[in-house]
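See structure below.
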Protein chains: 2
Amino acid sequence: MALMAPTQQVKRRATNQGAAVKEALAAEDTFRSAQDVYATLRASGEKIGLSTVYRHLQIFVDDGLADVIHKPDGESTYRLCGDASTTHHHHLVCRSCGKAVEIEGPAVETWADKVAAQHGFSDVNHTVEIFGLCTTCAAS
Amino acid sequence: MALMAPTQQVKRRATNQGAAVKEALAAEDTFRSAQDVYATLRASGEKIGLSTVYRHLQIFVDDGLADVIHKPDGESTYRLCGDASTTHHHHLVCRSCGKAVEIEGPAVETWADKVAAQHGFSDVNHTVEIFGLCTTCAAS
DNA sequence: TGACATAATGAAAATGATTCCCGATAAGAC
DNA sequence: GTCTTATCGGGAATCATTTTCATTATGTCA
């Protein structure tokens, strides 16, 4: 019961910066790091601070608008998701360009829950990410 | 073809520090961070530097002796594994104490490969970790 | 066994992502 | 328009991890 509905929105002001961050993410279907988004925005002349980028990315995650993937090197990458609040899904991610495809695996969900239950674990969740090279990147 | 066999050992000297790090990991069946292992070793009077701990943990991973899990907060945790070189497996991890159980899911492996293939991804691998609270931690 | 080449070590400095701080700014309410 | 306060943002602070490099210790070979 420790989890609250991700759709539980908090009163939030509309700001240019917030919109800019969302647009930057929406512009591509790839997982992007905060540093990357920040650099892109600044490069396009946007007036925004690094802290603000981090703040909004975290807000998106809290509101269930974006998914996060923690890369092996420790960097966090974000991507907007269609309707994360209602659809639990995973990703097939290109480890070269970051392009991602949302995938579902009902069987995996039930398997995970069953395994956890067998070992007496409660309050379970899981992470499943598939990495590979997309056709474009594999060509180069 | 970029991957080499994890069992491909490199000439390596036997040192007290290396043994100490391995012992520290072997002492518990939980995923532990480098900082944690370092603190434990120093507390027990071991003469070892932080860099050395990091070095050996990485070596274990390279040699297929240990598995890594990158926690959401960015910290990497390590655990020795029975025979990682021959058995591909995943983990059911207690998010409170780090205790882990090795699990297998052949169905998940095939599913992952199939999904990747359907989208034209090559050179595929995946991460599957199940997090929860073990019975002990759930009680407190 | 003794000398040597060099892998391993570790203290300190460097790195890099992320968070914190706090005075300045601007969104929304009245 | 005025006011309240959420939001900004630049810079300092954290923190895990990596790098540097002079010192130490291991395995080898004579």
Side-chain angles (χ1 to χ4, degrees), chain A residues 8-25 30-63 65-79 93 95 98, chain B residues 8-25 30-63 65-79 93 95 98:
Chain A
Q8 184 64 48
Q9 295 271 349
V10 178
K11 177 173 62 178
R12 206 148 266 165
R13 288 183 183 174
T15 67
N16 297 353
Q17 290 86 344
V21 174
K22 184 177 287 189
E23 271 177 41
L25 273 193
T30 64
F31 276 85
R32 307 179 61 197
S33 70
Q35 302 283 350
D36 182 22
V37 170
Y38 173 68
T40 300
L41 288 174
R42 294 297 288 229
S44 69
E46 200 70 37
K47 186 180 182 316
I48 192 171
L50 182 55
S51 321
T52 305
V53 173
Y54 274 101
R55 224 170 284 160
H56 282 286
L57 289 176
Q58 190 51 56
I59 287 172
F60 295 157
V61 173
D62 292 344
D63 289 355
L65 296 175
D67 281 342
V68 206
I69 283 186
H70 304 284
K71 293 198 305 177
D73 67 5
E75 202 175 34
S76 297
T77 55
Y78 306 80
R79 201 190 91 146
V93 189
R95 82 168 66 83
Chain B
Q8 184 63 49
Q9 294 271 352
V10 178
K11 178 174 62 177
R12 205 148 267 163
R13 288 184 183 174
T15 67
N16 297 353
Q17 291 86 343
V21 173
K22 184 176 287 188
E23 271 178 40
L25 272 192
T30 64
F31 276 85
R32 307 181 61 197
S33 70
Q35 301 283 350
D36 182 22
V37 170
Y38 172 68
T40 300
L41 288 173
R42 295 296 289 226
S44 69
E46 200 71 36
K47 185 177 182 320
I48 193 172
L50 182 56
S51 323
T52 305
V53 173
Y54 274 101
R55 255 184 309 243
H56 282 287
L57 289 175
Q58 190 51 56
I59 287 173
F60 294 158
V61 173
D62 292 345
D63 288 355
L65 295 176
D67 282 342
V68 206
I69 285 187
H70 304 285
K71 294 198 305 179
D73 67 5
E75 203 175 34
S76 297
T77 56
Y78 306 79
R79 201 190 92 146
V93 189
R95 83 168 67 81

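Residue numbers begin at 1 in each chain, while the letters A, B, ... track the order of the sequences.
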Quiz item: With a non-hydrogen cut-off below 4.0 angstrom, is B:Ser33 in contact with a base, only sugar-phosphate, or nothing?
Solution: nothing
Quiz prompt | From B:Ile48 atom CD1 to B:Thr40 atom OG1, the distance as rounded to the nearest 0.5 Å | solution = 11.5 Å
Quiz item: Between the side-chain atoms of B:Ser51 and the base atoms of D:dT19, is any donor-acceptor pair under 3.5 Å?
Solution: yes
Exercise. Find the distance B:Lys22:NZ to C:dA8:P and express it as a whole number of Å.
Key: 14 Å
Practice problem: May I have the distance from A:Gln35 (atom CD) to C:dT15 (atom P), rounded to whole angstrom? | Solution: 15 Å
Quiz prompt | Distance, rounded to the nearest Å, where A:Gln58 contributes CD and D:dC8 contributes C1' | solution = 17 Å
Quiz item: Rounded to the nearest Å, what distance is computed from the CD atom of residue B:Glu75 to the C1' atom of nucleotide D:dT18?
Solution: 16 Å
Exercise. Output the distance between atom OG1 (A:Thr52) and atom NZ (A:Lys47), rounded to the nearest 0.5 Å.
Key: 9.0 Å
Exercise. State which of C:dT18, D:dG11, D:dT18 makes the closest approach to the side chain of B:Tyr54.
Key: D:dT18
Quiz item: Quick one: OG on B:Ser51 to OH on B:Tyr38, what's the gap to the nearest 0.5 Å?
Solution: 8.5 Å
Quiz item: For the pair made of CZ in B:Arg32 and C1' in D:dT17, what is the distance, rounded to whole Å?
Solution: 18 Å
Quiz prompt | Minimal non-hydrogen separation, A:Val68 against A:Phe31, with atom names | solution = C-CE2, 4.2 Å
Practice problem: Tell me what B:His70 touches on the nucleic acid: a base, only sugar-phosphate, or nothing, going by heavy atoms under 4.0 Å. | Solution: nothing
Quiz item: Of all heavy-atom pairs between A:Pro72 and B:His70, which one has the smallest distance, and what is that distance?
Solution: O-CE1, 3.2 Å
Quiz item: Does A:Asp73 use its side chain to pair, donor to acceptor, with the backbone of A:Glu75 at less than 3.5 Å?
Solution: yes
Exercise. Would you please confirm or rule out a distance under 4.0 Å between OP1 or OP2 of C:dT9 and any side-chain N or O of B:His56?
Key: yes
Practice problem: Side chain of B:Arg55 only, please: which of C:dC21, D:dT17, C:dG10 is the nearest? | Solution: C:dG10
Quiz item: Which heavy atom of B:Val21 sits nearest a heavy atom of B:Val53, and at what distance?
Solution: CG2-CA, 4.2 Å
Quiz item: Expressed in angstrom and rounded to an integer, what is the separation of A:Lys71 atom NZ from C:dG16 atom C1'?
Solution: 12 Å
Quiz item: Atom CD of B:Gln35 and atom OH of B:Tyr54: how far apart are they, to the nearest 0.5 Å?
Solution: 4.0 Å
Self-check item: For DNA chain D, the residues among residues 38-49 of chain B that have a non-hydrogen atom under 4.0 Å from it
Solution: none
Quiz item: Tell me, for nucleotides 22-30 of chain D in 5' to 3' order, what letter each nucleotide earns: B for a base near a protein heavy atom under 4.0 Å, S for only sugar-phosphate near one, - for neither?
Solution: ---BBS---
Self-check item: Evaluation steps, side-chain contact (heavy atoms from CB on, under 4.5 Å), between A:His56 and A:Val37
Solution: CA-CA 11 Å; A:His56 282 286; A:Val37 170; over 6 Å; no
Practice problem: Report the distance from atom CD1 of B:Ile59 to atom P of C:dT9, rounded to the nearest whole Å. | Solution: 7 Å
Self-check item: Expected output: side-chain A:Arg79 to main-chain A:Arg32 donor-acceptor under 3.5 Å
Solution: no
Quiz item: B:Leu50 has an atom CG; how far is it from atom P of C:dA11, in whole Å?
Solution: 10 Å
Exercise. Please work out if A:Gln17 contacts a base, only the sugar-phosphate, or nothing of the nucleic acid, heavy-atom cut-off 4.0 Å.
Key: sugar-phosphate
